Each structure stands twice: as structure tokens, then as C-alpha cells.
Chemist: 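A single structure is presented below for examination.
Source: prediction; values computed, not measured. Reminder, nothing fancy here: chain letters follow the sequence lines and each chain counts from 1.
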Protein chains: 2
Amino acid sequence: MARQNQRITESQQSMLSFIQDYILTNGRPPTFRDIQRGANISSLSMVSHHLDALRDAGEIEFSEGSSRGVWVKGLPKPGDFMRVPMCGVITCDGEHGVPTPDADALRNAEDWIPVARSLVGNAKMEDLYALRASGDSMIDAMINDGDLIIMRRNFDYKDGGLYAVMLSDRNETTLKRVFKDGKKFKLKPENPRLKPFWVDAQTTQLQGRVVCVVRAM
Amino acid sequence: MARQNQRITESQQSMLSFIQDYILTNGRPPTFRDIQRGANISSLSMVSHHLDALRDAGEIEFSEGSSRGVWVKGLPKPGDFMRVPMCGVITCDGEHGVPTPDADALRNAEDWIPVARSLVGNAKMEDLYALRASGDSMIDAMINDGDLIIMRRNFDYKDGGLYAVMLSDRNETTLKRVFKDGKKFKLKPENPRLKPFWVDAQTTQLQGRVVCVVRAM
DNA sequence: GGTATAATAGAACAAAAGTTCCCTTAACCT
DNA sequence: AGGTTAAGGGAACTTTTGTTCTATTATACC
């Protein structure tokens, strides 16, 4: 039986760190010989042994019979993330409003924000874009100056969500929490200290849904 | 000269999509033979040709002479991200306050949140943990019910940052924006409608710094 | 001290994977 | 139609890389 089932030795630990660093640095797993060199293991068979031990200990997993098949458990994989194009600034000063970029603008953006897929639900990458909030005009929606706002085009309407709302009669686009109320929309600022108000559904367009707000500090 | 410097053919495009999908699904790049099978390319030499074309078009990059060396440009790499352990809930009702887990609690957390490294600056992974905000008691700090708060132990003090502040005389821990003001700390709620107040630096401990706030909707 | 057991080193081997060559087919131009 | 050029197909070849085997050294136990 494998004695190493519980604890791993020092050289196995250093091997594990090397493999993790290698993956983080190079974006792909190392070969056995990469590991031998990088973690100062004396022979290839030792690499193989230690890998077995690490797998028994539940630290790594690897697909046998194929190259570069080692992976450190729990390490994030590229598929856990998406890139979202950065498409401008929300000022909400009435003049600019909330920008709604088209497909071309999305594809050719120069700035891309990496975002965990778990944050954006089942949204397709083509439908997502990011905006930067400017000023404190969205403080009612609990959005602060500098916040990153991730928006989704082609959303499925969900009552009570935050939307980029276009009021065509006032020629104004803002972010508000939206509820359907017969032939009217109830627009409710996110801040509970402010009162909701109603608008006519005919003169109202929901241009995008706020999927996520990120504030780095 | 290579004609394909500008545009890529249809089969090259489908090859590119396959490679991207493969990386996202498997977490490592495909081999030439994987590509041949997966993208229905008739021969290995065609795979090689198309890869050259895609590289000339700036769509991919690859390290020659080593296996699984293809990478789609712009695709996020594991090194772009970190995992942050989820360590409980902030209620801020005076009874619980803001939890401050120790190193062991961090390592053995059951839930891990993937976070873009660009969000957390130069913080080490061991110093980061995540909390879930509960209730609207932190609305003054522009933090809403359900928000994900990423905290950092072992921070370097930065004037004007959001901190988990422990007031030992009141036996209370809350999140506030902090400024040094002689021998006192000025604690300023994030909401500009509320007034700041001062506390004695001696009876005050800064237990952690808020690095990032994430709100999924 | 001797024996059994595990750890180690080194090399050879086998499989996987990248590279190249040559011939065929299609497209294009005059 | 003929010739030139690009695209495609297939296979052989070389390098990279995973696997295994055996002889050797260290360790533990009696």
C-alpha cells in the first residue's frame, strides 16, 4: 500500500509548487522533464513516483498516456473565465447617457476585462460589454464613481433587475431597477431611501441589463 | 510572400474556433493531431500550414519544437487569476461584526471564488479572503445586500481606503473609509449624505482592507 | 550485523507529437 | 491549352515525452 496516502514529502511539496508556478507562468502544464529540471529531481522515474504520490494525496490529477497532462487541483482553468470588452464611460449627465455599443464595437475593443464566468451566468461572450461609471450620479443605483459595470445585450427580461432604461420622451438613459406594472414600468432606485416612480412602457426601452458591478479599491 | 497575411480562410477560422474551444474545455492546448481530428482537417501538413497562416494573421502564437504549444491570442491564462477562499458573512449588526479568519481557516475553506488578478493588485493569495454582505446595514459604505467583499490581511495602510475597523471600546467591527488625522482616525461612511466622525487611534484596530466589491445580479 | 523494505538513479524503451518532403489536385493567368 | 502558382493529401521521419525495468543505495526493523 502507498504510505504517502496521507502526507507528502518535502521534495514532493516543492515539486507541487513548481508545477503550479509553471502552469501559472506558461499557461500550460510542464512535461516530466520540465519538472525534473525545474524542481531539481534526480531522475525521471522519481518524477513519475512523486507524481503518483501527489495524485494519491489528492493534490494533482493527470491524464495518462498524453503529454503535459498534469494539473494542480483547484487551479483555475481558462474556461472558468471570459473576456469582456471595455466600451466606454457612463456619465448619466443627460447628455451622453448609457452607451450601447454594436457588435463591431464589441469585437474591436482595445481593452478587455477578465471576468469569472460564474459572475455572468449563462451569458454569451458576444452579448457582454463593460462600462466605467463616472461621477456620483448613479449613487441611487448603489453604483459609485469608478465602478466597473458589466452589461448584457439580448437579455431575457427578469422582473426586478437593473437595466439601462431609455426614456424616449425625456431623451434620457439611466440605470434603474425595473418592475413591470401593467402597461407601465415601475422604476425603483437601488437606494431604499429614494422613492420609486412610474413611466409609460410605450416610451420606454430596456437597452441592456446590468449583470455585475465590480468596484476595485 | 504569404497571401494570408490579411484574411484567413474558412477552414482556418473553424480551426481557430476549435483550438479555442479545446483550450477552454480542457485547460491545455491541443496537439496537431487533436486539431486534425477536431476541426476535420484532411492532413497533418494542412494543420501545420494553417497554423502558420493563423500565426501570420496574428490570431495565435506557438512555441515551436514543443508539444501542445499553440495558444489563441487574448485568451485568459491561469496566471491572470487567483482563487479566494469564501470565509463567511458580514452582518454588521453589532453581534457578529466582520469576521477575520486565520491562515488555517483560509487554506481549508470549502468555497473558492475565482477573481481576476488585476482586481486585487499585488496582494498575495494567502492574504485574501472573501465575505458575503448580508442585510442593508452597509448601505452607507455603498455595499448592498448579497455583495461579495474581497478583503486583504497584511495590507499596507493607504489613506482613504475602506477598512474593517475594530473599535475596542465599543466592541464593534464595521466597514468604514478611514483617514489618519493626527492621533485620531476619521471614519467616513462611503455615502456622501452621511457625516464622518472621529475615533481614538489607540482603541482602534484596522483588521483588513477592502480590496474589491463584486455585485452579481 | 543481517535482512527486508523502500527510495533512488540511470538507462533503455515505447508512445506521442511536431516537422518535412514529395506528389497530386485545383485555381489562375495569358 | 499550357504553364505557373497555390492548396491539399499522405506518409515517413525526427524530436519530444511518458513509461518501465533493473541495479544500486539508503533505511528500518529484528
Chemist: To the nearest 0.5 Å, what is the distance between CD (B:E59) and CD (B:Q12)?
Modeler: 10.0 Å
Chemist: Within this structure, what is the CD1-to-P distance between B:I41 and D:dA7, rounded to whole angstrom?
Modeler: 14 Å
Chemist: Measure the spacing between OG1 of B:T203 and CE of B:M166 and express it to the nearest 0.5 Å.
Modeler: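 Answer for the OG1-CE pair, B:T203 versus B:M166, is 10.0 Å.
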Chemist: Starting at atom CG of B:D52, determine the distance to atom P of D:dG8, rounded to an integer number of angstrom.
Modeler: 14 Å
Chemist: I'd like a list of close polar pairs between nucleotides 16-20 of chain D and the protein, N/O only, cut-off under 3.5 Å.
Modeler:
unit_1, atom_1, unit_2, atom_2, d
D:dT17, OP1, A:R68, NH2, 2.7
D:dT17, OP1, B:S67, N, 3.3
D:dT17, OP1, B:S67, OG, 3.4
D:dG18, OP1, A:R68, N, 2.9
D:dG18, OP2, A:F32, N, 2.5
D:dG18, N7, A:R33, NH1, 2.8
D:dG18, O6, A:R33, NH2, 2.6
D:dT19, OP1, A:G65, N, 3.3

Chemist: Would you find a donor on one side and an acceptor on the other, under 3.5 Å apart, between the side chain of A:S48 and the backbone of A:L44?
Modeler: no
Chemist: Starting at CE of B:M46 and ending at C1' of C:dT24, how long is that distance when rounded to a whole Å?
Modeler: 12 Å
Chemist: For D:dA7 and B:H50 - does any side-chain N or O of the residue sit under 4.0 Å from the phosphate oxygens OP1/OP2?
Modeler: no
Chemist: So that I can tick it off, tell me whether B:D80 and B:R117 are bridged by a salt bridge, with the cut-off set at under 4.0 angstrom between side-chain N and carboxylate O.
Modeler: no
Chemist: Which value, rounded to the nearest 0.5 Å, describes the distance between A:L75 atom CG and B:R83 atom CZ?
Modeler: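 Here the rounded value is 6.5 Å.
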Chemist: Once you measure the plane-to-plane angle for B:F62 and B:F32, does it fall in the parallel (<30°), tilted (30-60°) or perpendicular (>60°) bin?
Modeler: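 Perpendicular, since the angle between the ring planes exceeds 60°.
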Chemist: Over how many whole Å does the gap from A:H49 atom NE2 to C:dG10 atom P extend?
Modeler: 16 Å
